[in-house]
Amino acid sequence: VQLQASGGGLVQPGGSLRLSCTASERTFENYVVGWFRQVTGKEREFVTATTWSGGITTYADSVKGRFTISRDNAKNTAYLLMNSLRPEDTAVYYCATKVGWSNYNDYNRYDNWGQGTLVTVSS
């Protein structure tokens with residue numbers, strides 16, 4: 001499965017962005033989808049993940065209540081809606097897929113990765 005992430009950009013603190021992750025294959029619906037982010041020089045950080053049906057979602061404490069993950073399997077696309085953005089949310093955001101829910105927050109367990117999209121939160 002090839003993934004294409006998009007939607008990043010420059011936004012002011014308190015603003016919103018919606019990232020998209022589009023898969024090349026219909027089998028996308030069988031996978032767990034996760035979003036991670038990375039700042040240069042730091043380890044990739046778990047942001048959120050959802051099961052194939054979207055029925056289970058989980059968030060890092062740092063984004064809970066501000067970010068929302070969703071997916072539309074008919075469009076082979078997952079979304080990350082980010083509200084109340086803060087400067088510390090600045091990072092390259094990656095979407096990824098894996099089989100099975102276990103270790104959903106471990107980036108080493110994900111098999112397919114998008115190319116990343118840069119989110120910059122600054123005034």
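Here the OG-CZ distance, from Ser20 to Arg18, works out to 5.0 Å after rounding to the nearest 0.5 Å. Residue Thr48 holds its OG1 atom at 11.5 Å from CG of Leu81, rounded to the nearest 0.5 Å. We find the SG-CG distance between Cys95 and Leu80 to be 10.0 Å, quoted to the nearest 0.5 Å. Rounded to the nearest 0.5 angstrom, Ile69 CD1 and Leu19 CG are separated by 10.5 Å. Atoms CH2 and SG, on Trp35 and Cys21 in that order, are 5.0 Å from each other to the nearest 0.5 Å.
With Arg66 contributing its side chain and Ser84 its backbone, the two residues share a donor-acceptor pair below 3.5 Å. Using modelled atom types, one side-chain atom of Thr51 and one backbone atom of Ile56 make a donor-acceptor pair closer than 3.5 Å. Remark: side-chain polar atoms of Thr97 are not paired, donor with acceptor, to backbone N or O of Tyr31 under 3.5 angstrom. The backbone N or O of Gly7 sits nowhere less than 3.5 Å from a side-chain atom of Tyr93 that would complete a donor-acceptor pair.
In terms of heavy atoms, Ala49 sits closest to Tyr110 at CB-OH, 3.8 Å.
Under the 4.0 Å criterion applied to side-chain N and carboxylate O atoms, Asp106 and Arg109 are assigned as salt-bridge partners.
Sequence neighbours left out, not one pair with a member in residues 42-91 passes disulfide (SG to SG under 2.5 Å).
Side chains of Thr22 and Asn76: no donor on one and acceptor on the other come within 3.5 Å.
Using a 4.5 Å heavy-atom cutoff, the side chains of Val99 and Val32 are not in contact.
Under the 4.5 Å side-chain heavy-atom criterion for ILVMFWY residues, no single connected hydrophobic cluster contains both Tyr59 and Tyr94. Both Met82 and Val47 are part of a single hydrophobic cluster, where members link through side-chain heavy atoms under 4.5 Å apart. When hydrophobic clusters are built by joining Ile, Leu, Val, Met, Phe, Trp and Tyr residues whose side-chain heavy atoms come closer than 4.5 Å, directly or via intermediates, Leu85 is grouped together with Val63.
Residue Glu25 places its CD atom among more than 12 non-hydrogen atoms of other residues, nucleotides or ligands, all under 6.0 Å distant.
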Inset, instruction - Apply side chain to side chain donor-acceptor pair (under 3.5 Å) to the pair Ser16 and Asn83, showing each step before the final yes or no. - result: CA-CA 4 Å; Ser16 299; Asn83 295 322; 2.8 Å; yes
Inset, instruction - Verify side-chain contact (heavy atoms from CB on, under 4.5 Å) between Thr40 and Lys42, making sure each step is shown before the conclusion. - result: CA-CA 6 Å; Thr40 302; Lys42 294 189 175 182; over 6 Å; no
Inset, instruction - Take Asp72 and Tyr79 through the side-chain contact (heavy atoms from CB on, under 4.5 Å) test and state the conclusion after the steps. - result: CA-CA 8 Å; Asp72 185 342; Tyr79 304 98; 4.2 Å; yes
Inset, instruction - Walk me through it: do Arg37 and Asp89 pass the test side-chain contact (heavy atoms from CB on, under 4.5 Å)? - result: CA-CA 9 Å; Arg37 64 188 182 186; Asp89 295 318; 2.9 Å; yes
Inset, instruction - Go through the steps to decide whether Thr50 and Arg71 satisfy the test side-chain contact (heavy atoms from CB on, under 4.5 Å), and finish with yes or no. - result: CA-CA 8 Å; Thr50 185; Arg71 65 191 297 170; 3.9 Å; yes
Inset, instruction - Go through Glu45 and Tyr107 one step at a time and tell me if the side chain to side chain donor-acceptor pair (under 3.5 Å) criterion holds. - result: CA-CA 8 Å; Glu45 176 189 22; Tyr107 66 85; over 6 Å; no
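Remark: Phe67 pairs with no residue by the ring-ring contact (aromatic ring centres under 6.0 Å, His included) rule, at least two apart or across chains.
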Side chains of residues 115-123: which donor-acceptor partners sit under 3.5 Å, not counting sequence neighbours?
unit_1 : atom_1 : unit_2 : atom_2 : d
Gln115 : OE1    : Ala5   : N      : 3.2
Gln115 : NE2    : Ala5   : O      : 2.7
Thr117 : OG1    : Gly8   : N      : 3.0

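The aromatic ring centres of Tyr104 and Phe46 sit less than 6.0 Å apart. In this structure, Trp113 has its ring center closer than 6.0 angstrom to the ring center of Phe36.
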